[in-house]
Amino acid sequence: MSEPETAGDVDPRATPGHIAELLGQVPTGLLIDGGWRPAETGQTFGVSDPATGQPLLRVADASPADALAGLAAADRAFPAWAATAPRDRAELLRAAFEEVLRRRDEFALLMTLEMGKPLPEAYGEVTYGGEFLRWFSEEAVRIQGRYGTTPEGNGRVLVSQHPVGPCYLITPWNFPLAMATRKIAPALAAGCTVVVKPASLTPLTTSLFAQVLLDVGVPAGVVNVLPTTASGPVSTAILEDPRVRKLSFTGSTPVGRDLLARSAPGVLRTSMELGGNAPFLVFPDADLDAAVEGALRAKFRNIGQACTAANRFFVHRSLAEEFTARVTAAVANYATGPGIRTGVTIGPLIEPRAVAKMGELVADAVARGATLRVGGHALEGAGSFFEATVVADVPAEAALMREEIFGPVLAITTFETEDEAVRLANATEYGLVSYVYTRDLARGQRLIERLATGMMGLNVGVVSNAAAPFGGWKQSGLGREGGLEGIREYLQTKYTLTPDPFA
């Protein structure tokens, strides 16, 4: 295949006129203390469309001095925001939720332009990302403590919750809206102020969302946004400043380890959503139709560029050939091309080096004896495209089975027994999510306890939900985002002892 194949014309919601109008609305400065401003150095950097390689906008490139200005603004705004009534904080988040949904066309198109995902998936992310605003608007008024008598009866115990303080939030490029709302919403609900550093590959959606927060009335300094290509110096400046009290990061495990080390001197609260190497287990009693459908969703959602993407497919030997044939037939019909075109399933990868990595992983597996069933090649022409790929009989030593793939490559191997499946699934330093397909209820219950992951999809291929605690075990991270647990990451506990009032 010499160039991307597309299934249709440009979506009518993504015409050149729509794109030009949208880009004209996106702030291109740094958001500090309620206003958009240029970088202190005057420097900017370009944001490009991965489907074409063409520039979209140039945005301000924050320096360490800008980072400290943003942190200072968050620190100044913190006392008043922490004292704001929970209901008032909740209403602002609810208003932001409604405004994001009202502007869903703009957010979806912007994500497709700067990240590449097909437009229908981008609409799905608007819904998903918006749910964090709605969920945490509801949680803002449910922050609770407790009151009780000491066991000895000689005093009263009062336990209260308080916002941890100014927070530094580092978001990834693969879900530009949802990863911003998943961090900003609980922080604001808890009464914290934030400095957000979006990924330099996809900063535009975060800036547009930050403008929405200003538009609905979030006070100046509560949210500050610092797009930058100088991630290391900017992060160092903030993490070494005693005014920051919390770090939340989503990204690779190696970078997460480094940030944890740099957070140690300040004894910062940390939340780390790191890498994954998700196993997908198909047992002999599985509903094969459901397993195939779940596999396609778990692997190819977001072009495979998700930490929750299924990485290693372990299929019982009795089903392996039929499962592989069905998956291969489905993948062979996927259309690859720019996400703004109708019918596209596989958009571009985020950048050329991601395409190169896919090629290296597939070549390594084939060299070690795996069978390439479909795809396996980068596409010529503009953009960062790699075919949707299925590789079967992948040996355990292949890089496909050891490294996080982060692309549209589905790697299959087989197993004989439940114990073997568990051993293979757990043979990784990561433990974010696992997927299991079985109709045996007892087996499903056993695997909930045996698989070493922080999340599990039992007969489902997508687990993310704003009401659920998202996070991993082992080197997949610390802390949780979403659910009842999500707001607790931004709260600190105080215990107060008072005398017996009846003494």
Side-chain angles (χ1 to χ4, degrees), residues 1-8 50-51 115-118 120-121 174 277-280 282 291-306 308-315 320-339 341-395 398-414 435 461:
M1 190 179 299
S2 61
E3 59 183 21
E5 289 189 353
T6 58
M115 183 267 159
K117 69 184 68 187
E121 287 198 32
N174 56 340
N277 192 6
F280 190 107
V282 182
V292 169
E293 180 184 356
L296 296 173
R297 296 189 69 196
K299 175 72 266 184
F300 295 106
R301 173 175 172 256
N302 213 50
I303 324 168
Q305 297 175 125
T308 54
N311 218 51
R312 300 168 295 144
F313 286 76
F314 300 110
V315 183
E321 185 50 43
E322 185 176 0
F323 176 87
T324 303
R326 290 197 192 187
V327 166
T328 300
V331 170
N333 288 321
Y334 282 175
T336 301
R341 290 190 175 273
T342 58
V344 165
T345 307
I346 304 296
L349 298 182
I350 190 63
E351 58 184 343
R353 65 177 178 175
V355 176
K357 179 186 176 183
M358 294 305 104
E360 292 166 2
L361 290 173
V362 172
D364 171 77
V366 172
R368 296 176 185 274
T371 303
L372 180 62
R373 300 294 289 261
V374 68
H377 302 96
L379 304 186
E380 298 176 3
S384 304
F385 293 96
F386 194 89
E387 296 173 308
T389 299
V390 177
V391 186
D393 307 312
V394 182
L400 276 175
M401 288 291 169
R402 295 182 287 103
E403 300 178 15
E404 187 172 24
I405 297 173
F406 235 69
V409 178
L410 192 156
I412 302 172
T413 191
T414 61
Y435 303 92

- Query: What closest approach, in Å, do Gly461 and Tyr435 show between heavy atoms, and which atom pair accounts for it?
  - Reply: O-CE2, 3.3 Å
- Note on the structure: Nearest heavy-atom contact between Ala365 and Pro395 is O-CD, 4.5 Å
- Task: For residues Ile412 and Val390, determine if any side-chain heavy atom of one lies less than 4.5 Å from a side-chain heavy atom of the other.
- Result: yes
- Query: Can you tell me if Thr389 uses its side chain to pair, donor with acceptor, with the backbone of Gly376 under 3.5 Å?
  - Reply: yes
- Query: Between Ala306 and Asn174, which heavy-atom pair has the shortest distance, and what is it?
  - Reply: CA-ND2, 3.7 Å
- Message: So Met401 and Thr413, do their side chains get closer than 4.5 Å, heavy atoms only?
- Response: yes
- Taking the side chain from Lys299 and the backbone from Ala411, do they hold a donor-acceptor pair closer than 3.5 Å? no
- Query: Rounded to the nearest 0.5 Å, how far apart are OG1 of Thr345 and CD1 of Ile303?
  - Reply: 10.5 Å
- For the residue pair Leu296 and Val327, establish whether any side-chain heavy-atom pair is separated by less than 4.5 Å. yes
- Message: Closer than 4.0 angstrom, basic N to acidic O: yes or no for Arg326 and Glu322?
- Response: yes
- Note on the structure: Looking only at heavy atoms, the pair that brings Pro50 and Pro348 closest together is O-CB, 3.5 Å
- Could you go through the salt bridge (Lys or Arg N to Asp or Glu O under 4.0 Å) check for Arg373 and Glu387 one step at a time? CA-CA 12 Å; Arg373 300 294 289 261; Glu387 296 173 308; over 6 Å; no
- Task: Mind jotting down which residue pairs meet the side chain to side chain donor-acceptor pair (under 3.5 Å) criterion with at least one end in residues 353-362? Sequence neighbours excluded, please.
- Result: Glu351-Arg353
- Query: How many angstroms lie between OG1 in Thr328 and CG in Leu410, if you round to the nearest 0.5 Å?
  - Reply: 8.0 Å
- CZ (Arg368) with more than 12 external heavy atoms under 6.0 Å: yes
- So how far is it from Phe406 CZ to Asn302 CG, rounded to the nearest 0.5 Å? 8.0 Å
- Message: Does any part of the side chain of Phe314, heavy atoms only, come nearer than 4.5 Å to the side chain of Thr414, both counted from C-beta?
- Response: no
- Message: Using every non-hydrogen atom in the two residues, find where Phe313 and Ala295 come nearest and quote the distance to one decimal.
- Response: CE2-CB, 3.5 Å
- Give me the ring orientation class for Tyr334 and Phe300: parallel if the planes are under 30° apart, tilted from 30 to 60°, perpendicular past 60°. perpendicular
- Query: Given side chains that start at C-beta, do those of Val355 and Phe385 come closer than 4.5 Å, heavy atoms only?
  - Reply: no
- Message: Side chains of Val315 and Thr324, heavy atoms from C-beta outward: is any pair under 4.5 Å?
- Response: no
- Reported CG-to-CG distance for the pair Asp393 and Leu372, which is rounded to 0.5 angstrom: 11.5 Å
- Looking only at heavy atoms, the pair that brings Leu400 and Arg312 closest together is O-CG, 4.3 Å
- Under 3.5 Å donor-acceptor, Asn311 side chain and Glu403 backbone: yes
